[in-house]
There are 2 protein chains.
Amino acid sequence: MTSPPQADPSGSAAKLVRSIPEATVARLAVYLRMLGELAEQGAETVSSEELATATGVNSAKLRKDLSYIGSYGIRGVGYEVASLHHQIERTLGLDRQQAVALVGVGNLGHALAGYSGFGGRGFPVAALFDVDPDLVGIHINGIVVEHVRDIPRVCAERGVTIGMIATPGPAAQSVCDQLVRAGVQCILNFAPVVLQVPEQVEVRKVDLAVELQVLAFHVARRRAGDASDTVVAPSVANGVRDGVHVTNGSAVLPR
Amino acid sequence: MTSPPQADPSGSAAKLVRSIPEATVARLAVYLRMLGELAEQGAETVSSEELATATGVNSAKLRKDLSYIGSYGIRGVGYEVASLHHQIERTLGLDRQQAVALVGVGNLGHALAGYSGFGGRGFPVAALFDVDPDLVGIHINGIVVEHVRDIPRVCAERGVTIGMIATPGPAAQSVCDQLVRAGVQCILNFAPVVLQVPEQVEVRKVDLAVELQVLAFHVARRRAGDASDTVVAPSVANGVRDGVHVTNGSAVLPR
DNA sequence: AGCCGCTTGTGAACGCACGCACAAAGTTGC
DNA sequence: GCAACTTTGTGCGTGCGTTCACAAGCGGCT
Ligand SMILES: NC(=O)c1ccc[n+]([C@@H]2O[C@H](COP(=O)([O-])OP(=O)(O)OC[C@H]3O[C@@H](n4cnc5c(N)ncnc54)[C@H](O)[C@@H]3O)[C@@H](O)[C@H]2O)c1
Ligand SMILES: NC(=O)c1ccc[n+]([C@@H]2O[C@H](COP(=O)([O-])OP(=O)(O)OC[C@H]3O[C@@H](n4cnc5c(N)ncnc54)[C@H](O)[C@@H]3O)[C@@H](O)[C@H]2O)c1
């Protein structure tokens, strides 16, 4: 709780420090995974062109992204895979583990709790919570399900910094409040509701219904275009320009 | 955009599908859900301010979003809930159902297959696929799991337009290719790989590891900020509405 | 009827992000 | 040691997305 207003939009002087664009941060995570794969394959170095192609981005964009974290490339050669991997990890704060608490061990929660991709990437699932008495006490992947009322104590004990909410929508806000009280700094929300949180808490939302609806929109748009059979009308300014709409991940959504 | 001089203000046909910004489309889905809830609560009308607050966006942005689909508001009053709900549905192409095929019925796939939120929102899960002989043939939520080799036939029979991939990463590209051959137009990918698809196919990716890593970055940045020195210019210019960091959903990622 | 208050719809400014294109910097080959 | 080639890092123009601010429109009240 430093200073709520903060009031530094102009930044100016402080601008020189690392204010990495949101979009870049998300892509860094993608580069990171590809670098891990390249390392496994024994690659020593990789050029921006190669890495860009492999991750589906423009090479200039990739270089600019990397330039935000420093100049770790070697001109005429590329980037040293191991070194770059390390630098991105450090930038994203992955050099230290972040304990995750998962609330709501239903259908989705079970899948998440058993997913090895979290612990394997530095996000060990350190605690599970639910209200269902049939679930409290069972073990999933070696972790016991605790009652939601113990969120504060358990999260504090295990140093949880990130919470994941996989409860039904109506319960999400209440669960969120408890996680916040427990000192959780970030929340990944799977429930289809807009969470209210204090300013210092960061929330990201995974909303599959929204994903599908965005896809449905594109189907509809395509059908509308194809409808009149008149193909390839160059006069159609844009709207369907370069074909491969790789507009993936979700767009920036309300929390 | 696209308002050269003036020229054709006189009505003309419904060109409603004209180039709605990606970001807007995603938010329309969020508004839609909230409108559904409001309708259930018996609300007749809602103002842009109310709807904006409820969905965590700026009211001006909301009005501009809605203006892309037409002028359905009533000045001095607001928007008629039922009417607006209907218009958004129509714009997103939700007035007709989109059959979904899910490939990979493992941990995550099971949860997705059993999720009622899809069918309830116009996206019935019409087919399930896997390669595991122990899974092929079983029923989940009344749908039988078919073998991946039958993707083309089954998808064609059931008019599948959207595919969801929940297989391990290494199998994703191959599965994707088969879905594309089967005529699927859009793919929602949960596997942590970058898919290669022909231009007419739209891919969106849900990457939880990326979500967590972006959150981790914010934790790290906050820690660095608290350590004084670096001022931490919030790259998220806005987002701090109620002081809430609503930077959610994922940023635009590579497919 | 006419005025008043409320809310929409949008013009305009701003800022971020993307991608091009190129100079700088390094490597390889002779 | 020099020339030719490769690749990085980035300045810059462009376009999209967000926000402000306000005129226009609508309903209600007197
Ligand atoms: N299942 C999916 O594939 C899927 C997909 C997208 C979104 N979601 C969303 O994820 C959430 C969970 O979905 P699900 O299918 O796992 O539902 P579910 O009903 O199977 O599981 C919900 C779990 O939350 C627990 N719970 C309820 N209230 C709680 C509370 N106050 N505190 C703690 N735990 C509580 C329940 O006991 C249950 O175990 C829902 O919001 C759903 O919309 C699910
Ligand atoms: N479980 C999670 O919570 C979670 C979270 C995020 C991402 N993911 C990703 O989702 C994917 C699935 O995860 P999971 O935990 O369900 O894995 P899983 O191993 O439990 O399930 C994978 C399923 O895919 C099937 N499969 C394998 N190859 C196939 C092929 N060629 N064609 C069709 N089916 C095939 C397997 O038989 C299995 O049933 C993975 O890519 C994983 O990284 C999972």
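Each chain gets a letter, A, B and so on, in the order its sequence line appears, and its residues count up from 1.
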Problem set entry | No-H, no-angle donor-acceptor pair, B:Arg75 side chain to C:dT7 base, under 3.5 Å | no
When rounded to whole Å, the OH to P distance for the pair A:Tyr31 and D:dT8 reads 13 Å
D:dC20 phosphate, OP1 or OP2, under 4.0 Å from B:Asn58 side-chain N/O
yes
The nucleotide from D:dG27, C:dG26, C:dC20 with an atom nearest the side chain of A:Ile74 is C:dG26
Atom CD of A:Glu49 and atom P of C:dG19 are separated, to the nearest Å, by 13 Å
Minimal heavy-atom distance between B:Gln213 and A:Ala29, with the atoms involved, is OE1-CB, 2.9 Å
Closest to the side chain of A:Ser47, out of C:dG9, D:dG9, D:dT8, is D:dT8
Closest non-hydrogen contact found for B:Val219 with A:Cys186 is CG2-SG, 3.4 Å
Between CG of B:Leu66 and P of D:dG17 the distance, given in whole Å, is 16 Å
Please check the phosphate of C:dG9 (OP1 and OP2 only) for any side-chain N or O of B:Tyr79 closer than 4.0 Å.
yes
note: B:Glu22, atom CD; C:dC16, atom P; distance rounded to Å ~ 22 Å
Picking from D:dT19, C:dT8, D:dG9, the nucleotide nearest the side-chain atoms of B:Lys61 would be D:dT19
Which of D:dG9, C:dG9, D:dG27 is nearest the side chain of B:Arg63? It is C:dG9
query = According to a strict under-4.0 Å criterion, is B:Lys64 in side-chain N/O contact with OP1 or OP2 of C:dT10?
reply = no
Closest non-hydrogen contact found for B:Ser48 with B:Arg63 is OG-NH1, 3.0 Å
Taken to the nearest whole Å, CG/B:Asp65 to C1'/D:dG17 is 10 Å
Taken to the nearest whole Å, CG/B:Leu51 to C1'/C:dT7 is 14 Å
Distance col, row B:Leu62:CG vs B:Glu50:CD, nearest 0.5 angstrom, shows 11.0 Å
Of the candidates C:dA17, C:dC18, D:dT10, the side chain of A:Pro21 sits closest to C:dA17
In short, B:Leu94 meets A:Ala216 closest at the heavy-atom pair CD2-CB, 3.9 Å
Atom CG of B:Leu62 and atom C1' of D:dC20 are separated, to the nearest Å, by 16 Å
If you compare every side-chain N and O of A:Ser48 against the phosphate oxygens of D:dT8 (OP1, OP2), does one of them come in below 4.0 Å? yes
